[in-house]
Amino acid sequence: MKRIISTITLILLMLSSLVSSQYLFLSTREDRVTIVSGDYKEGILTIMNNGDKEFQVVSYRRYYVVDENNREVSGISLELYKPTGELISPGVIYTYWKPNETRTLRYKIYVNESVEVGRYTLFIVFWGFLGSGETDIITVPISLEITDIPLVVKETTVQIKERGISTFHVFNGETLEVHSTIYNLKNSPVYVSGSLYLEQNGKHYLKKDIAVTLTPGENLVQVGISIPYELPSGEYKLVYVLTYPKGTYLFSKNFYVYFGVDLVDISLERTQIMEDESNTAYFTILSERIIPVNLTLEVYGANNERIYNQTEEIILTKGSNIAKIQIPPLPPGSRKIIGKISFGHIELDQGSSSYEVLAYPRIENVSYQKLSLAPNKGQVKFLVKISNRNPREIKGTLSYSFFGINGTILKSSKDITLSPGNNEVEFITELPLGEIGYETLVPTTCEVV
């Protein structure tokens with residue numbers, strides 16, 4: 001009988017203390033707790049005593065959950081644990097909790113499948129006993145978000161594997177790598193499927209299927225596609241799609257695909273040469289990468305007939321490259337050259353230029369006529385027939401010399417302009433009497449007019 005009276009007295013004292021108690025709300029350092037419906041979440045809360053009171057004893061009493069309309073709901077249950085892992089039932093959990101001091105609390109929150117998706121608040125209620133004998137009712141609110149989507153994609157980045165950088169330009173032959181950080185909110189694995197591909201004008205290229213199982217917590221998903229050398233240059237959209245229960249994740253980014261090699265200019269050592277001379281073609285090539293390419297030179301004549309071609313392999317370095325190809329002597333005429341850069345069977349770029357191969361004028365006949373005689377010398381007129389096989393007028397020099405028994409008597413020259421076809425050139429000179437030999441020639445340098 002005395003024991004019953006003592007218990008009743010203790011309860012009355014506690015009720016008396018609670019009647020005069022104050023209500024105190026304490027905060028946690030953690031943000032909203034997200035839980036998948038039908039699953040659970042466990043973790044640690046850090047609670048700050050942000051009041052000005054030191055609690056001698058803190059006792060856990062109960063919890064309850066309300067929705068956004070402040071209506072209490074069921075289907076969400078809470079379990080609290082001591083640091084040792086022992087389940088806490090209503091009773092003492094902390095002692096001597098000073099102001100501005102933090103205490104931790106391990107929890108496990110279960111959510112029934114019947115709980116609707118949305119935001120809720122979980123209130124944990126404690127009693128805090130002061131040294132004065134007073135008691136405060138301590139409430140710790142925890143924000144909850146209930147979802148039916150098990151995955152959260154935290155970040156997705158794309159980089160060029162070979163260069164280890166993120167850029168909007170990718171070379172043919174390089175690999176685009178997609179890196180995703182995905183958090184699995186569930187406590188069981190989640191299967192994910194998807195695909196990665198390039199898209200241009202509604203058409204898909206290089207599609208790669210994705211299938212991966214994500215473990216609870218943070219996962220890194222990495223997938224890449226190689227850009228083939230044959231893919232035409234242009235702007236493409238990289239599309240990355242993941243599909244999982246109750247959700248789909250879509251990521252896209254535009255890229256410009258190109259080879260990174262451009263033929264900037266083709267120049268010639270000379271734009272006019274004689275038929276027995278060679279020429280040199282110079283290729284200015286701008287490259288953004290180190291890569292071997294084939295350099296091809298083609299020479300075309302009349303009726304677009306190819307009369308010469310040559311291919312050489314060169315190694316391009318980053319920046320400006322100068323390459324040259326020797327062109328052997330070719331028959332007279334206008335010559336068009338085409339330069340091509342290729343990688344394997346893939347033509348990258350081409351350019352063109354032209355030059356003129358000149359035919360030498362040819363002396364067909366030389367005749368002479370005596371005009372007058374003096375005691376020691378005579379005046380003679382020479383007529384030289386010269387053919388110009390070029391399609392346009394050319395300038396040159398006619399050289400002639402006369403010699404007798406004792407050697408050369410006279411040397412001279414005459415500037416001439418030759419029309420296409422046959423030409424006659426005459427000159428008059430005075431020569432000593434006697435037997436005299438002569439020779440005439442057209443020099444090896446000519447100029448087209």
Check whether the side chains of [X] and [Y] place a donor and an acceptor atom closer than 3.5 Å, and report yes or no.
| X | Y | answer |
| --- | --- | --- |
| Y249 | S180 | no |
| N388 | N390 | yes |
| S278 | Q326 | yes |
| S387 | E364 | yes |
| D415 | T397 | yes |
| T243 | S193 | no |
| S37 | E113 | no |
| N50 | S27 | yes |

Validation row: [X], [Y] side chains within 4.5 angstrom (heavy atoms):
| X | Y | value |
| --- | --- | --- |
| F123 | V140 | no |
| I338 | Y300 | yes |
| T417 | I394 | no |
| E275 | P331 | no |
| I138 | I47 | no |
| L295 | I325 | yes |
| L231 | N172 | yes |
| Y355 | I273 | yes |

So, for [X] and [Y], which heavy atoms are closest and what is the spacing to 0.1 Å?
| X | Y | value |
| --- | --- | --- |
| D67 | N69 | OD1-N, 2.9 Å |
| V158 | K253 | O-NZ, 4.3 Å |
| N187 | P216 | C-CG, 3.5 Å |
| I386 | P361 | CG2-CB, 3.8 Å |
| P141 | T139 | CD-O, 3.7 Å |
| L80 | L105 | CD2-CD2, 3.7 Å |

Next item on the list: Mind running side-chain contact (heavy atoms from CB on, under 4.5 Å) on T175 and I160 for me, showing each step along the way?
Entry: CA-CA 6 Å; T175 303; I160 310 301; over 6 Å; no
State whether [X] and [Y] are salt-bridged, where the test is any N-O pair (Lys NZ or Arg NE/NH1/NH2 against Asp/Glu carboxylate O) under 4.0 Å.
| X | Y | answer |
| --- | --- | --- |
| E269 | K324 | no |
| K318 | E288 | no |
| E68 | R119 | no |

Next item on the list: Flag yes if more than 12 heavy atoms outside K246 fall under 6.0 Å of its NZ atom; otherwise flag no.
Entry: no
Note to self: Quick check on E235: does its CD atom have over 12 non-hydrogen neighbours (other residues, nucleotides or ligands) under 6.0 Å away?
What the structure shows: yes
Margin query: Using side-chain contact (heavy atoms from CB on, under 4.5 Å), reason through N294 and I341 one step at a time and then give a plain yes or no.
Written below: CA-CA 6 Å; N294 292 322; I341 306 174; over 6 Å; no
Could you state the interatomic distance from [atom1] ([X]) to [atom2] ([Y]), rounded to the nearest 0.5 Å?
| X | Y | atom1 | atom2 | answer |
| --- | --- | --- | --- | --- |
| K41 | L185 | NZ | CG | 6.5 Å |
| E79 | Y40 | CD | OH | 10.5 Å |
| K340 | N309 | NZ | CG | 9.5 Å |
| T280 | L268 | OG1 | CG | 8.5 Å |
| L198 | K207 | CG | NZ | 13.0 Å |
| E155 | L220 | CD | CG | 10.0 Å |

Margin query: Would T311 and T296 count as a side chain to side chain donor-acceptor pair (under 3.5 Å) here? Give the steps.
Written below: CA-CA 4 Å; T311 299; T296 300; 3.0 Å; yes
Could you tell me whether [X] sits above the aromatic face of [Y], with NZ or CZ closer than 6.0 angstrom to the six-membered ring centre and within 45 degrees of the axis?
| X | Y | result |
| --- | --- | --- |
| K237 | F255 | no |
| K414 | F427 | no |
| R389 | Y360 | no |

Item checked: Of R163, H169, R289, K161, the residue whose pairing with E174 passes side chain to side chain donor-acceptor pair (under 3.5 Å) -> R163
Check whether any side-chain N or O of [X] sits under 3.5 Å from a backbone N or O of [Y] as a donor-acceptor pair, and report yes or no.
| X | Y | answer |
| --- | --- | --- |
| N423 | G421 | yes |
| D262 | G260 | no |
| N184 | L214 | yes |
| N321 | T317 | yes |
| Y64 | I124 | no |
| N49 | K98 | yes |
| S226 | P228 | no |

Are [X] and [Y] close enough that their ring centres sit under 6.0 Å apart?
| X | Y | value |
| --- | --- | --- |
| Y191 | Y244 | no |
| Y229 | F343 | yes |
| Y256 | F168 | no |
| F259 | F171 | no |

Check: Does the pair L316 and I285 meet the rule for a side-chain contact (heavy atoms from CB on, under 4.5 Å), with working shown?
Finding: CA-CA 8 Å; L316 297 178; I285 305 168; 3.9 Å; yes
Item checked: Step-by-step side-chain contact (heavy atoms from CB on, under 4.5 Å) determination, L45 to Y107 -> CA-CA 7 Å; L45 295 173; Y107 69 88; 3.6 Å; yes
Check: Among R270, R335, R392, which residue meets the salt bridge (charged side-chain N to carboxylate O under 4.0 Å, His left out) test with E356?
Finding: R392
Next item on the list: Go through the steps for F402 and F382 under the test ring-ring contact (aromatic ring centres under 6.0 Å, His included), then give the verdict.
Entry: CA-CA 12 Å; F402 297 90; F382 284 84; 5.2 Å; yes
Check: Should E218 and K154 be marked as a salt bridge (charged side-chain N to carboxylate O under 4.0 Å, His left out) after you check the CA-CA gap, both sets of side-chain angles, and the distance that decides it?
Finding: CA-CA 9 Å; E218 189 171 276; K154 291 187 173 181; 3.7 Å; yes
